[in-house]
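Just below is one structure, and these are the notes that go with it.
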Amino acid sequence: MNKKEKPQITDNTIKTAKRLLRYVTGTYKIQFVIVLICILVSSVASISVSLSLRYMLDDFIIPLIGSQDPDFTELYRALLVLGSIFFLGVIATFVYTRLMVVIGQGVLKRVRDEMFCHMQKLPIRYFDQNANGSIMSLYTNDTDTLRQMINQSIPQVLMSALMILVTFIAMLVLSPILTILAVIMIGLMVLVSRKIGGNSGKYFIRQQIDLANITGFVEERMNGQRVVKVFNHERKSEEEFDALNEKLFHSASSAHTFASMMGPIIGNIGNLLFVLTAVLGGFLSVAGIGNITLGVMASYLQFTKSFSQPFMQVAQQFNSIIMALAGAERIFNLMDEEPETDDGYVKLVNARKNEKGEIEECEERTGMWAWKHPHQADGTVTYTELKGDVRFFDMSFGYTEDHMVLHDLTLYAKPGQKLAFVGSTGAGKTTITNLINRFYDVQDGKIRYDGININKIKKADLRKSLGIVLQDTHLFTGTIMENIRYGKLDASDEEVYRAAELAHADQFIRMLPQGYHTMLSGDGEELSQGQRQLLAIARAAIADPPVLILDEATSSIDTRTEGIVQQGMDNLMKGRTVFVIAHRLSTIRNSDAIMVLEHGRIIERGDHKELLGLKGTYYQLYTGKLELS
């Protein structure tokens, strides 16, 4: 780590600790109360052993020394009582240890559930700005630190705190004079713990951040391993990893160096307290000051020996606590991210036409959909049939305010039309499809869907009416049937078969060993790129959307496979409004309209013949005189 860089504990650390503790006490309030009671019982039982030395020596053992006819009855009774207390402490320790395991796992389950649930509500912008590996680290490294803290650190710290309190009270009862010395040494222990613990905590927070960075880097390189090897990038990747690993080494070594110092220093302060107590107690006993007997000295010295142990135990757990709080802060940062806002109120509903030809809402599926539009001004509700008419009016957009990507776009796609976008990388083609899905909202202008401003349509309903096939197909771990059904979760097996046939995927699926029940893993790496693309088309087909977006869906497959995939897409596009982004101009020749984009503006528009006749950019692209970058 750079020497000038000074990691700081954030101001939210205490707030994070309280918030995390609320998860424990809020979810398992009764169990946590039982834990506190058991820890108190266990602490008192532990102290009873040391405290009993005074009474054993002064009241039983010393009076029996030299006795001609010693009676051990009372001593046996005292030992029996002491044994019962100790056994009760063992039971209490067993109970609270088991309960903390249940509480710890339960809290982690709740945290993971809430974290994943909230993550589903976050906008696409969040995932664009954060590495996948860093997000994955929240579910692995950071939650694991919480597990260690809840299962081990919290009960240990509570136990140590109660031990310190009960021990201090017992020492005060035994000898107020000697306790003055103990208070001075306690102050020294607290001062050392704060100083060393503060430095340790700073670097533990940095360690968690560096660990997340390494996780993100490794995840990225694993996904791009083929690219690394093709371009002989191994050495550069090693250097980049070494740099990240070096930062982790420095933060981790600094954290553990300070953490390792704390235990021995606290232990030596405890040993010093033992020696000073023995010297001072012996002097006071000889001088007859403070009524210090042999039993008092034995018990008090035992207390001083055990008094430093809780401080050492807290010091040992301090590292886990700081790491957990650093992890919890990162987790809560995700949970506090603003969810995707949705102020839409127009819904997509099943519909049918009555005898008068008017659209009315119904519960059952009729194959007809309508937009249910409540008008806030007069309280009336109107229904608009879903047809797939999409229009842009003077629309401008930028991912940031100071860098606009699209400028004053005006275009329309009537129901059933096929609209194609052509242009170099960065021209804004994919951005247009992201805006139709409302992954982002436009800064200026409007997009209307069947005459309705899409900002008024609920996002879930809007996306339900859209189908999309991307260049990078993502398949989930599960059967082929489950992956196709992802487009419509309640689809029957017959609907899955029909969708696969429509996409020209049925033939290759039935040739697989388990057919539609073939398990896929690793993003479907068992299949070819073309087969995966056909499954994506089948997934879109089963959703049966009126509007379809094809984002360079055939750019990563060979020409022969493209013909098969193209047949599947042609079947899928029939009767739908289609937006196509393509690098291969041969796939968009039959489009109703082609838009040529450059720097976020439409520079040419028309069908294939019209654009060739213009002898402009499209003509140059089609004839090979100009290549798409």
Side-chain angles (χ1 to χ4, degrees), residues 223 225-226 364-369 388 416 418 433 463-584 586-590:
N223 289 339
Q225 194 58 231
R226 289 183 177 85
E364 68 277 5
R365 288 194 173 186
T366 61
M368 177 181 176
W369 298 87
K418 180 179 178 181
T433 62
R463 293 164 187 169
K464 187 178 180 180
S465 70
L466 302 170
I468 187 166
V469 180
L470 300 172
Q471 175 184 358
D472 298 321
T473 302
H474 185 79
L475 299 177
F476 299 93
T477 299
T479 65
I480 287 180
M481 180 169 286
E482 289 170 343
N483 270 277
I484 295 176
R485 192 177 275 133
Y486 203 83
K488 182 184 177 184
L489 296 179
D490 59 348
S492 65
D493 290 354
E494 289 301 322
E495 288 178 293
V496 173
Y497 300 147
R498 285 198 299 271
E501 290 171 358
L502 182 69
H504 281 257
D506 181 73
Q507 183 177 0
F508 92 81
I509 294 174
R510 294 191 183 276
M511 292 176 65
L512 297 173
Q514 283 80 41
Y516 283 86
H517 298 286
T518 299
M519 284 293 298
L520 301 179
S521 60
D523 206 11
E525 291 183 353
E526 308 93 328
L527 305 177
S528 69
Q529 181 63 37
Q531 290 172 333
R532 295 169 63 203
Q533 205 70 33
L534 291 175
L535 292 184
I537 295 171
R539 180 190 291 168
I542 202 170
D544 194 25
V547 177
L548 186 63
I549 298 170
L550 305 176
D551 190 349
E552 301 187 19
T554 62
S555 63
S556 59
I557 55 180
D558 59 84
T559 306
R560 180 177 176 277
T561 306
E562 181 187 0
I564 301 173
V565 174
Q566 192 63 49
Q567 292 178 25
M569 288 198 300
D570 288 342
N571 290 337
L572 183 59
M573 289 188 288
K574 289 178 181 177
R576 307 178 197 277
T577 304
V578 183
F579 293 91
V580 181
I581 298 173
H583 267 90
R584 294 177 181 172
S586 59
T587 62
I588 60 171
R589 290 180 57 181
N590 62 344

- Task: Return the minimal non-hydrogen interatomic distance between Gly487 and Ala543, and the atom names on each side.
- Result: O-CB, 3.5 Å
- Exercise: identify the closest heavy-atom pair between Ala540 and Leu548: CB-CD1, 4.2 Å
- Query: Taking all non-hydrogen atoms of both residues, which atom of Ala503 and which atom of Ala538 are closest, and how far apart?
  - Reply: CB-N, 3.6 Å
- Item | Partner of Thr518 by side-chain contact (heavy atoms from CB on, under 4.5 Å), out of Ile509, Leu512, Asn483 | Leu512
- Task: Please name all residues satisfying side chain to side chain donor-acceptor pair (under 3.5 Å) with Arg485, sequence neighbours left out, ordered by chain then number.
- Result: Asp493
- Query: Charged N to carboxylate O below 4.0 Å: is that the case for Arg365 and Asp544?
  - Reply: no
- Query: Side-chain contact, heavy-atom cut-off 4.5 Å: Leu475 with Arg539?
  - Reply: yes
- Item | Nearest heavy atoms of Ser465 and Pro546, plus distance in Å | O-CD, 3.0 Å
- Message: As an exercise, state the distance from NZ of Lys418 to CZ of Arg576, rounded to the nearest 0.5 Å.
- Response: 13.5 Å
- Message: Could you go through Leu466 and Phe579, starting from their C-alpha distance and side-chain angles, then the distance that decides it, and tell me whether this counts as side chain to side chain contact (heavy atoms under 4.5 Å, CB included)?
- Response: CA-CA 11 Å; Leu466 302 170; Phe579 293 91; over 6 Å; no
- Item | From Met481 atom CE to Ile542 atom CD1, the distance as rounded to the nearest 0.5 Å | 8.5 Å
- Message: Going by side chain to side chain donor-acceptor pair (under 3.5 Å), name the residues that satisfy it together with Glu494, two or more places apart in sequence or in a different chain.
- Response: none
- Residues which pass side-chain contact (heavy atoms from CB on, under 4.5 Å) with Glu482, listed by chain and number, not counting sequence neighbours: Thr479
- Message: If the condition is side chain to side chain donor-acceptor pair (under 3.5 Å), which residues does Thr433 pass it with, not counting sequence neighbours?
- Response: none
- Does OH belonging to Tyr486 count more than 12 external heavy atoms closer than 6.0 Å? no
- Message: If the condition is side-chain contact (heavy atoms from CB on, under 4.5 Å), which residues does Asp506 pass it with, not counting sequence neighbours?
- Response: Ala500, Glu501, Arg510, Tyr516
- Note on the structure: The side-chain contact (heavy atoms from CB on, under 4.5 Å) partners of Ile468 (sequence neighbours excluded) come to Asn437, Leu470, Ile549
- Do the side chain of Glu526 and the main chain of Ser521 share a donor and acceptor less than 3.5 angstrom apart? yes
- Item | Minimal non-hydrogen separation, Gly416 against Thr577, with atom names | N-OG1, 3.2 Å
